[in-house]
Every structure is written in C-alpha cells, then in structure tokens.
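Some notes on the structure that comes next.
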There are 2 protein chains.
Amino acid sequence: MGLTEIVESIQIKYASLSTDCINELIGQLQIRSFAKNEIFVKEGQFSKKAYFIITGSARAYYYKNDKDVTDWFAFESEFICPIVSFFSDKPSPHYIQALEDSTLVEISKEAIDKLAKTHCELESLMKAIVTETMLKQQKRISSILFYSAEDKYKQLLEEYPTILSRIPLTHIASHLGMTLETLSRVRKVQN
Amino acid sequence: MGLTEIVESIQIKYASLSTDCINELIGQLQIRSFAKNEIFVKEGQFSKKAYFIITGSARAYYYKNDKDVTDWFAFESEFICPIVSFFSDKPSPHYIQALEDSTLVEISKEAIDKLAKTHCELESLMKAIVTETMLKQQKRISSILFYSAEDKYKQLLEEYPTILSRIPLTHIASHLGMTLETLSRVRKVQN
DNA sequence: CACACGATTTGATATAGATCAAATGATTTG
DNA sequence: CAAATCATTTGATCTATATCAAATCGTGTG
C-alpha cells in the first residue's frame, strides 16, 4: 500500500480533500518503522507528531503512582499521538510504544497547520478526527462509570476481536481500569 | 452584553474570525431564555443545536438503569449541546436542562456548516472547541479512574468554586460517579 | 406560618474489585 | 535445550463505596 492509497482512504472516511491538497500532504509524510516494544514518544517531550498505523499496533501509556497505565490502543488504520502535547502546549504525560513490529506514517502538526491555511478541507478533516476521538472518549467515560469488569472486558473484545492474541493482558487490564488479577478472574468466568 | 461582544469573546478565546464572518454568524444566533429546571432538549431527539450560556447554568444528563446521571455541567461562557446527536446522526441519549433561570445563545449546526464553507476560520474555531472538549474528557477519564471520591469532589470545587450554591448535590454526585450518600460523607470529612 | 415534600445526612450492612502473596505457565536467550 | 525471566492464574484477605433504610433539615406554597 502506497502513501497515496493511505491518504485516499483517510480522506474518504473523514472529509474529502482536493487532489492538490492530497499531493502536498503526501510530501509531508514520513514512513517510520518501529520494533516491537520500541518507545518512540517519551514522557516530558513536546511532541507535535501524529502517527497513522499501517501495520502493527501501538499504545499510549503513562505512569500513575508508579503504575504503567495504558490510555489508548491503536491498530491498523487508526491514529495515535501524544494527545496532550499535540493539541496543547504542554509536555506529554504519555509515552507511546509499538506493541508489535510496526510501520507507521508520521506527520507533524506544523505541516498540517501550514497546509490547512490554503486548504480548508484539511481543517475539516482534522475536525472530523478530533470529533471522532471525542465521541469515543464520551463512550469510554460511561463505560468506566457503569459497566462491571466483566462487561468492560466483553465490550473491548467486541471492539477489538483480535486484541488477545496481540496485546499482553497487563496492558488490557490497565486500559480497562482494573487490576491484572481481576481481569484474569473475569476471563475465567467468561470461558 | 450584546451578541457582538459574545461572538468577539468566543473568537478571541478559540480562533479569530473576520468581521464578515462575525456579522454573518450573528445573523444566525437566537437568544433563548429558560426557566429553572426547564428541559429544552429531550432524549431521542435529533437535535443539532448548540448553546452558549450567557447567564445561568445547564446540565446534560441521561438515564442509566433508571438513574438520572449528569454527564456535563455548563455555566456562564461555556457551551453545552446534545453531543452525540450534534456530532453524529444518532438520537440524543441526553436531556439538557436549565439549572437556574438562564439566558442562552442558540445556533444550529446547519448554519455553522454553511457559514464555514465560505469562512474557513470558523472551521478552525469549531475544531478548537471540539479539541478543548476532548482534552477535558481526557482529564475526566483519568480523574474517574484514579481519584478517590474525596479527591474528585475537591477537584470539582476547584474547577467550579460556586457550584455548591447553584446546583443540587444529587447532580454533583452523579456527575462525579458516586452516590449521594458517599458525597455527603465526603463533604462531612472535608469541613 | 405551618405543612409537606424534596434535599441532605446518618447508620448498618453488603459487595465488587484491590491488594498481597505465591504458584504455575510460557517464552526468550545464552 | 535449560535456566531465567516474564505473563498469567489462583488464593486469602481487605477496603472503598454501594445499597437499603430511616432520620433530620430546608424551603416553597397554600
């Protein structure tokens, strides 16, 4: 899959871009490869890069009272970025790590913003992505507040059916806001 | 405070708009007044209106297992809208209710989108508002996951120092994801 | 101004999930 | 290929908060 197809598919999903804009955008993309477990964004960095996953997977995580907490997973065709640093001018509380050998497309916020000045469609596309993220978080909030450990686990499996074979349970547990032990017990009941 | 000042202040906060755009925008605004406890968006509606609070306050809430759960508060100079319905094409799970006698500015998504076609700055402004909301939710997620009932209460008071005198404790409790009884006990310890 | 009803507090008990500890299972590497 | 290290499970106990029930406080209305 070339960069053109990737940009095409993103553009179809979120907001259509002119050929012109697509071409200029492609010029700003970087292909990056990371080995399994490689950390490519660190806590404290001011990183304004976003990543789109071509193959593999990644997670954003942070330390809360010395505990590693996974905040966000991303798989093929999904975005990941150090959300706080990318969108505000604060250092990132998150690390980002590849969870498998992965190939990503990198783009800087600077490049996007510059391009958006002449191509408003790109601004709409960004808005669409942020809106989608916001709605996901909206869902996550109610999931955390109202579902039992078991139900949260079921929901995650529905959203990411292949996750079990790709991601260690520790990360899944911390993302679901429960301990590893609780997740293990929930899984036993499940089947 | 007239509509012009309101739009000015929003534009200063999020992304500057041309005079042209401001004027056209003002033509699309509606002043609405609601009495205390009046419900102005109902569950199940497809409502694409957003509200900016001039005076008063409002909440977005929904029913979870027959329990009234407050998802969002808004006070002077903040926005509120039926987030799911506004940004996707689904019926709103939320009701929106005035919590005091309130004056709001209403605008339809249709009007915004139409204007944004000729004024890209408006698209940027929308993006900025959605981004801000997303970052707030990000914070809320970690607050729900990691803070004790007492800490969540303290945080809310810091964010909204006047909330106690304006909003009943039931709504505060459900927004913090705890029962009214727990909130009451937390408050006793506090002071 | 008193009654009534909603808001808040207080008390007793139950429970989901955390914590601590250890055993077992799986996978990487020298 | 075996030791070492990491991942997962299992068990026993603890705890924050929920739940259920009832008492008190406050305030809007007739």
Side-chain angles (χ1 to χ4, degrees), chain A residues 35-39 57 59 61 63-70 73 97-101 140-157 162-191, chain B residues 35-39 57 59 61 63-70 73 97-101 140-157 162-191:
Chain A
K36 179 172 177 176
N37 294 327
E38 194 173 345
I39 292 168
S57 53
R59 69 177 181 121
Y61 67 102
Y63 285 94
K64 183 74 202 173
N65 311 326
D66 294 325
K67 272 189 196 155
D68 169 326
V69 178
T70 297
F73 290 119
Q97 177 186 42
L99 292 171
E100 302 168 301
D101 293 340
R140 184 156 176 232
I141 289 169
S142 77
S143 148
I144 295 170
L145 286 177
F146 299 113
Y147 293 99
S148 65
E150 190 177 332
D151 289 345
K152 284 189 274 185
Y153 176 65
K154 280 187 198 161
Q155 280 184 218
L156 186 75
L157 288 190
T162 66
I163 200 171
L164 287 179
S165 59
R166 300 177 67 179
I167 312 282
L169 292 178
T170 343
H171 299 154
I172 294 176
S174 73
H175 181 249
L176 294 176
M178 64 184 75
T179 61
L180 184 56
E181 293 94 324
T182 296
L183 178 60
S184 175
R185 288 182 246 266
V186 156
R187 276 160 51 73
K188 189 157 63 162
V189 173
Q190 276 298 297
N191 191 1
Chain B
K36 179 172 178 176
N37 294 326
E38 192 172 347
I39 293 168
S57 54
R59 67 177 184 124
Y61 67 102
Y63 284 93
K64 181 74 200 174
N65 311 326
D66 295 326
K67 272 188 196 154
D68 169 324
V69 178
T70 297
F73 290 118
Q97 178 186 40
L99 291 172
E100 301 167 303
D101 293 340
R140 184 156 177 226
I141 288 169
S142 76
S143 147
I144 294 170
L145 285 177
F146 299 114
Y147 292 100
S148 65
E150 189 178 332
D151 288 346
K152 285 189 276 184
Y153 176 64
K154 280 186 200 164
Q155 282 185 215
L156 186 75
L157 287 191
T162 66
I163 199 170
L164 287 178
S165 61
R166 300 177 67 179
I167 312 283
L169 291 177
T170 345
H171 300 153
I172 294 176
S174 73
H175 180 250
L176 294 175
M178 65 184 73
T179 60
L180 183 56
E181 294 93 325
T182 295
L183 178 59
S184 174
R185 288 184 246 267
V186 157
R187 278 159 53 75
K188 190 157 58 162
V189 173
Q190 275 299 296
N191 186 6

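Proteins come first, then strands; the chains are lettered A, B, ... in the order of their sequence lines, and each starts at number 1. Please read all numbers here as calculations on a predicted model, not as lab measurements.
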For [X] and [N], give me the distance from atom [atom1] to atom [atom2], rounded to whole Å.
X: A/Leu169; N: D/dT8; atom1: CG; atom2: C1'; result: 7 Å
X: A/Phe146; N: D/dT17; atom1: CZ; atom2: P; result: 16 Å
X: B/Arg187; N: D/dT17; atom1: CZ; atom2: C1'; result: 18 Å
X: A/Ile144; N: C/dG17; atom1: CD1; atom2: P; result: 13 Å
X: A/Leu145; N: D/dA18; atom1: CG; atom2: P; result: 11 Å
X: A/Leu180; N: D/dG11; atom1: CG; atom2: P; result: 16 Å
X: B/Asp66; N: D/dT19; atom1: CG; atom2: C1'; result: 16 Å
X: B/Asn37; N: C/dG6; atom1: CG; atom2: P; result: 12 Å

Considering all heavy atoms of both residues, which atom of [X] and which atom of [Y] are nearest to each other, and what is their separation?
X: B/Leu99; Y: B/Lys36; answer: O-CG, 3.5 Å
X: B/Gln97; Y: B/Asn37; answer: NE2-O, 3.1 Å
X: A/Lys64; Y: B/Tyr147; answer: NZ-OH, 3.0 Å

Donor-acceptor pair, distance only, cut-off 3.5 Å: does the side chain of B/Gln155 make one with the backbone of B/Lys152?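 Not confirmed, B/Gln155 side chain does not pair with B/Lys152 backbone.
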Spell out, as yes or no, whether a donor-acceptor pair under 3.5 Å connects the side chain of B/Thr70 to the backbone of B/Tyr61. no
Determine to 10° how strongly the helix from C/dC1-D/dG30 to C/dG30-D/dC1 is bent, judged from the axes of its five-pair ends.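 End-to-end axis angle for the helix from C/dC1-D/dG30 to C/dG30-D/dC1: 40°, rounded to 10°.
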Among A/Leu169, A/Thr170, A/Ile163, which one satisfies side chain to side chain contact (heavy atoms under 4.5 Å, CB included) with A/Ile167? A/Ile163
Letter per nucleotide, 5' to 3', of nucleotides 18-30 of chain C [B base touched, S only sugar-phosphate touched, - untouched; heavy atoms, 4.0 Å]: SBBB---------
With a 3.5 Å cut-off and no angle check, do the side chains of A/Ser165 and A/Thr162 form a donor-acceptor pair?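 Looking only at side-chain atoms, A/Thr162 and A/Ser165 do not form any donor-acceptor pair under 3.5 Å.
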Distance in Å, A/Phe73 CZ paired with A/Ile172 CD1, rounded so as to fall on 0.5 Å steps: 5.5 Å
Short side-chain N/O contact to D/dT10 OP1/OP2 from A/Lys188, under 4.0 Å: yes
Ion pair B/Glu150/B/Lys154, N-O distance below 4.0 Å: yes
